[in-house]
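Have a look at the structure below before the remarks.
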Amino acid sequence: MERKTETGEQELAARCAKGDKDAMEELYMQYAARLSALCSRYSGGPAEGIDLMHDTMVRVFDSIGRFQYRGDGSLYAWISSLAIHLAVDRLRMEKKLEITFFDDNDLPDMAEPEPADIQRIPESVLNGMIASLPPSKRLVFNMFCIDDIPHKEIAHRLGITERTSTSILAKAKKSLVGMIHKYLEKER
């Protein structure tokens with residue numbers, strides 16, 4: 001039996017741009033699961049994540065002709081960038097993205113948990129903690145800590161200053177540290 005090999009990103013994108021339905025299906029199958037996880041992180045839950053993932057895929061197929069191949073991994077990077085833009089736009093449209101400068105002093109200082117303690121927490125629980133953050137905190141935390149987007153780019157995408165981005169991140173981290181400590185206390 002001959003095993004089907006994955007089409008290279010550049011070729012796959014070119015075939016999709018020409019309207020090749022098989023290539024579109026292959027692209028969807030290749031990236032849907034990973035994209036769905038990313039969308040769930042940004043939207044705050046699996047149901048909203050699937051909806052955002054589908055909207056992203058529609059946008060991908062509508063604009064695939066503008067994709068520029070920049071090396072291995074660039075197709076997913078481009079797709080994930082579209083998803084993040086859509087997530088930000090959706091939060092703005094739903095008026096759930098309230099971005100204000102936070103005073104870091106309004107949360108008590110707590111020692112960060114030890115890495116070994118964090119490793120004891122199931123991934124689904126950690127993801128739930130992140131999902132429970134208010135949208136602006138969740139957004140900046142995901143962009144900076146998980147997707148490695150620098151504060152300068154976050155600030156540009158959100159129309160805020162870099163200082164505000166770093167402040168939101170600090171507050172998000174303090175909130176997560178508090179949630180982690182509460183979880184660890186319950187588990188002892």
Side-chain angles (χ1 to χ4, degrees), residues 31-56 73 76-188:
Y31 296 109
R34 193 163 57 158
L35 183 61
S36 183
L38 178 135
C39 290
S40 291
R41 280 192 292 107
Y42 277 89
S43 62
E48 298 92 350
I50 290 171
D51 188 42
L52 179 60
M53 187 267 298
H54 286 294
D55 289 350
T56 301
Y76 181 73
W78 179 74
I79 291 170
S80 63
S81 180
L82 288 176
I84 293 168
H85 282 291
L86 284 173
V88 170
D89 289 347
R90 184 174 284 180
L91 288 171
R92 280 192 178 125
M93 201 168 52
E94 294 172 355
K95 297 185 180 6
K96 291 182 180 177
L97 189 59
E98 295 179 21
I99 297 179
T100 56
F101 181 77
F102 294 109
D103 181 5
D104 297 340
N105 297 321
D106 62 352
L107 283 177
D109 283 327
M110 288 184 237
E112 287 200 21
E114 294 296 320
D117 288 334
I118 294 173
Q119 289 177 344
R120 291 191 346 237
I121 302 172
E123 185 177 339
S124 61
V125 173
L126 286 172
N127 288 338
M129 290 175 186
I130 294 167
S132 72
L133 290 170
S136 62
K137 290 181 191 175
R138 183 177 66 238
L139 184 65
V140 172
F141 181 85
N142 279 317
M143 292 173 93
F144 187 83
C145 294
I146 298 175
D147 294 317
D148 296 321
I149 299 172
H151 283 294
K152 185 174 185 171
E153 186 176 340
I154 294 170
H156 175 73
R157 286 186 183 189
L158 301 180
I160 59 176
T161 66
E162 287 182 58
R163 184 167 183 244
T164 300
S165 178
T166 59
S167 177
I168 292 169
L169 178 62
K171 186 132 181 182
K173 284 181 174 181
K174 281 186 176 183
S175 295
L176 287 171
V177 165
M179 287 184 238
I180 289 169
H181 280 295
K182 283 181 186 176
Y183 179 86
L184 292 173
E185 285 298 316
K186 283 191 334 189
E187 294 301 307
R188 289 178 200 227

Report summary line: In terms of heavy-atom contacts, T161 and A155 come closest through C-CB, 3.6 Å
**Report entry** S175 side chain to K171 backbone, donor-acceptor under 3.5 Å
**Finding:** yes
Report task. Flag the pair V125 / M129 as yes when at least one side-chain heavy-atom distance between them is below 4.5 Å, and no otherwise. Result -> yes
Requested in this report: Can you measure from CG (D55) to CE (M53) and round to the nearest 0.5 angstrom?
Outcome: 10.0 Å
Query raised in the report: Listed by chain and number, what are the side-chain contact (heavy atoms from CB on, under 4.5 Å) partners of S132, not counting sequence neighbours?
Result: M179
Report task. Would you name the heavy atoms of I50 and S36 that are closest together and state the gap between them? Result -> CG1-OG, 3.9 Å
Report task. Go through the structure and list residues passing side-chain contact (heavy atoms from CB on, under 4.5 Å) with A131, not counting sequence neighbours. Result -> none
Requested in this report: Run the numbers on I84 and I149 for side-chain contact (heavy atoms from CB on, under 4.5 Å), then give the verdict.
Outcome: CA-CA 11 Å; I84 293 168; I149 299 172; 3.9 Å; yes
Query raised in the report: Can you tell me how far the CG atom of L86 sits from the OG atom of S43, to the nearest 0.5 Å?
Result: 11.5 Å
Report summary line: For C145 and L169 the tightest heavy-atom approach is SG-CD1, 3.7 Å
**Report entry** Rounded distance [0.5 Å steps], CD1 in I180 versus CD1 in I121
**Finding:** 5.0 Å
Query raised in the report: Taking all non-hydrogen atoms of both residues, which atom of V140 and which atom of S165 are closest, and how far apart?
Result: CG1-O, 3.6 Å
Query raised in the report: Would you call S81 and H85 a side-chain contact if the rule is heavy atoms closer than 4.5 Å?
Result: yes
Query raised in the report: Would R41 and I130 satisfy side-chain contact (heavy atoms from CB on, under 4.5 Å), going step by step from the backbone distance to the final call?
Result: CA-CA 8 Å; R41 280 192 292 107; I130 294 167; 5.8 Å; no
Could you list the donor-acceptor pairs under 3.5 angstrom formed between side-chain atoms of residues 111-119 and any protein atom two or more places apart in sequence or on another chain?
residue: D117; atom: OD1; partner: R120; partner atom: NH1; Å: 2.8

Query raised in the report: For the residue pair D51 and R90, what are the closest heavy atoms and their distance?
Result: OD2-NH1, 3.4 Å
Report summary line: Smallest heavy-atom separation, A83 atom then C39 atom, equals CB-SG, 3.9 Å
Report summary line: To the nearest 0.5 Å, atom NZ of K137 lies from atom CG of N142 at 14.0 Å
Query - Backbone of M143 reached by a side-chain donor or acceptor of Y42 within 3.5 Å - result: yes
